[in-house]
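See structure below.
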Amino acid sequence: MIQEDWFMAVTEEELKSLREKARRVRIDILKMLTECGSGHTGGSLSATDIVTALYFYKMKYDPKRPDWKERDNFILSKGHAAPVLYTALAHAGFIEHAELCTLRKLGSRLQGHPDSKCMPGVEISTGSLGQGLSVANGLALAHKLDKSSNRVYALLGDGELQEGQIWEAAMTAAHYKLDNICALVDNNGLQIDGPVEKVMGVEPITDKWRAFGWEVFDIDGHDMAAITAALDKAETVKGKPTMIICRTVKGKGSKVFEGKVEFHGTTPSKEELDIAMKELSGETVCK
Ligand SMILES: Cc1ncc(C[n+]2csc(CCOP(=O)(O)OP(=O)(O)O)c2C)c(N)n1
């Protein structure tokens, strides 16, 4: 929820344009996944509004200089949601838009999980769940040592919170007072093989992160006003890291995918894509 004392720096005009960007990102994700025939649909769509707000509202970067020293860092800890990252990178100008159609093809830079060795704008290879927050800690400590103001953003899945390494990293970030870290959980309630609460419950997650010494915000992860306000508020927190729990819907954007665990790792058929495109008023990007 947006809290009463939050200052809303974003304008209505900006919000409109961010929502439109998120719509276009969803369209591209669905096109590239359908073209490819394999990849992760649900967790890419649930994270779309969050990633859009990060790339087109909050983060500092220069697509022409991916290693620009003053950039903020983004770590997609739930690396299987690579399609949303690749699409954001294309819209931000790191790669050509047409390259999205090469997802998972032999020789493509757009591998099934992000590869920092070949993909500009990817800070660290991810896909093995649980590791991203530890990398974020290392980057955040380095920025502190350099006395630089760069911020580090890490996106985790709620199923991913079952990994023990996450909680070691949670302790570390609080111990070192890493207030330059803002982590977000894409809390869509589903993982690869069912509801998170059935597989291995992670609630109450806000209480858990607070108990680990983090500032915690709990928001609707599809409400662009709430996401941008929480990202702004996180920058004002001093002496501890911030966690934004984003309540999301897996497969958000079309009733074909929403809340359906089977779309964790499967892609739309041409017919399903057609239905989704009508709902999103989308036109084709790949052929
Ligand atoms: C260490 C590790 N174990 C298992 C997997 C296989 N795996 C890929 S996605 C996934 C489910 C993740 O669920 P969640 O974090 O909730 O992701 P989302 O629902 O947002 O896609 C699993 C178990 C993995 N990638 N890494």
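Owing to the predicted nature of the structure, the values given are computational and were not obtained by experimental measurement. Note that these values count all heavy atoms, side chains included, but never hydrogens, waters or copies made by symmetry.
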Margin query: Show the nearest heavy-atom pair for residues T236 and K233, with the distance to one decimal.
Written below: OG1-O, 2.6 Å
Checklist line | Euclidean distance, I227 CD1 relative to L15 CG, rounded to 0.5 Å | finding: 10.0 Å
Note to self: Side chains of Q191 and E160 only: does a donor on one sit below 3.5 Å from an acceptor on the other?
What the structure shows: no
Margin query: Surrounding NZ of K16 (heavy atoms of other residues, nucleotides or ligands, distance under 6.0 Å), is the total greater than 12?
Written below: no
Item checked: Heavy-atom pair of closest approach, residues F56 and K21 -> CD1-CG, 3.7 Å
Next item on the list: Kindly check if the number of other-residue, nucleotide or ligand heavy atoms within 6.0 Å of NZ (K144) is above 12?
Entry: yes
Notebook entry, point to check: Is a side-chain donor-acceptor pair under 3.5 Å present for D232 with Y57?
Noted result: yes
Check: Is the closest basic N to carboxylate O distance between K78 and D186 below 4.0 Å?
Finding: yes
Next item on the list: Calculate, to the nearest 0.5 Å, the distance between atoms CG and CD1 belonging to D220 and I245 respectively.
Entry: 13.5 Å
Next item on the list: Rounded to the nearest 0.5 Å, what's the gap from OG1 on T242 to CH2 on W209? Could you check?
Entry: 11.5 Å
Margin query: Is it the case that the side chains of S108 and T102 hold a donor-acceptor pair, with the cut-off being a distance below 3.5 Å and no angle test?
Written below: yes
Check: Is any NZ, NE, NH1 or NH2 atom of the basic residue among K198 and D193 found under 4.0 Å from an Asp or Glu carboxylate oxygen of the other?
Finding: no
Checklist line | Over all atoms of both residues, closest heavy-atom pair of S281 and R23 | finding: O-NH1, 2.9 Å
Check: Closest heavy-atom contact between V261 and I192?
Finding: CG2-O, 4.1 Å
Next item on the list: Would you please classify the geometry between the Y55 ring and the F94 ring as parallel, tilted or perpendicular, with 30° and 60° separating the classes?
Entry: perpendicular
Margin query: Go through it in stages, so that I can follow the logic: the residues are Y153 and I181, the test is side-chain contact (heavy atoms from CB on, under 4.5 Å), and I'd like the CA-CA distance, side-chain angles, deciding distance and then a yes or no.
Written below: CA-CA 6 Å; Y153 296 92; I181 289 189; over 6 Å; no
Notebook entry, point to check: Are L129 and V84 connected in a single hydrophobic cluster, I mean Ile/Leu/Val/Met/Phe/Trp/Tyr linked by side-chain heavy atoms less than 4.5 Å apart?
Noted result: no
Next item on the list: Return the minimal non-hydrogen interatomic distance between L156 and S77, and the atom names on each side.
Entry: CD2-CB, 3.4 Å
Next item on the list: Would you sort out whether F212 and W167 count as a ring pair (Phe, Tyr, Trp, His ring centres under 6.0 Å), showing the intermediate values?
Entry: CA-CA 8 Å; F212 273 73; W167 300 100; 5.0 Å; yes
Note to self: For the residue pair E272 / S269, report whether a side-chain donor-acceptor contact shorter than 3.5 Å exists.
What the structure shows: yes
Notebook entry, point to check: Could you state the interatomic distance from CG (N187) to NZ (K250), rounded to the nearest 0.5 Å?
Noted result: 11.5 Å
Check: Does any donor atom in the side chain of H143 or N180 lie under 3.5 Å from an acceptor atom in the other side chain?
Finding: no
Checklist line | Minimum-distance pair of heavy atoms, taken over all atoms of L103 and S38 | finding: CD2-O, 4.4 Å
Notebook entry, point to check: Do the charged groups of R247 and D218 touch, with an N to O distance under 4.0 Å?
Noted result: yes
Next item on the list: List the steps and the verdict of side-chain contact (heavy atoms from CB on, under 4.5 Å) for E197 and E203.
Entry: CA-CA 8 Å; E197 283 314 293; E203 290 289 354; 3.7 Å; yes
Notebook entry, point to check: Which distance, rounded to the nearest 0.5 Å, do you find between the CG of L33 and the CZ of F263?
Noted result: 10.5 Å
Next item on the list: Please determine if E258 and K255 form a salt bridge, counting it only when a charged side-chain N lies under 4.0 Å from a carboxylate O.
Entry: no
Notebook entry, point to check: Are V199 and L190 linked, directly or through other ILVMFWY residues, by side chains that come within less than 4.5 angstrom of each other?
Noted result: no
Next item on the list: Compute whether any side-chain donor of one residue and acceptor of the other, for S46 and N188, lie under 3.5 angstrom apart.
Entry: yes
Notebook entry, point to check: If you measure from the Lys or Arg side-chain nitrogens to the Asp or Glu carboxylate oxygens, is any gap between E235 and K58 under 4.0 Å?
Noted result: yes
Next item on the list: Identify whether the distance between the nearest side-chain nitrogen and carboxylate oxygen of E70 and R65 falls below 4.0 Å.
Entry: no
Notebook entry, point to check: If you measure from NE2 on H80 to OG on S128, what distance do you get to the nearest 0.5 Å?
Noted result: 12.0 Å
Margin query: Whether D62 and K69 form a salt bridge (side-chain N of Lys/Arg under 4.0 Å from carboxylate O of Asp/Glu) is what I want to check.
Written below: no
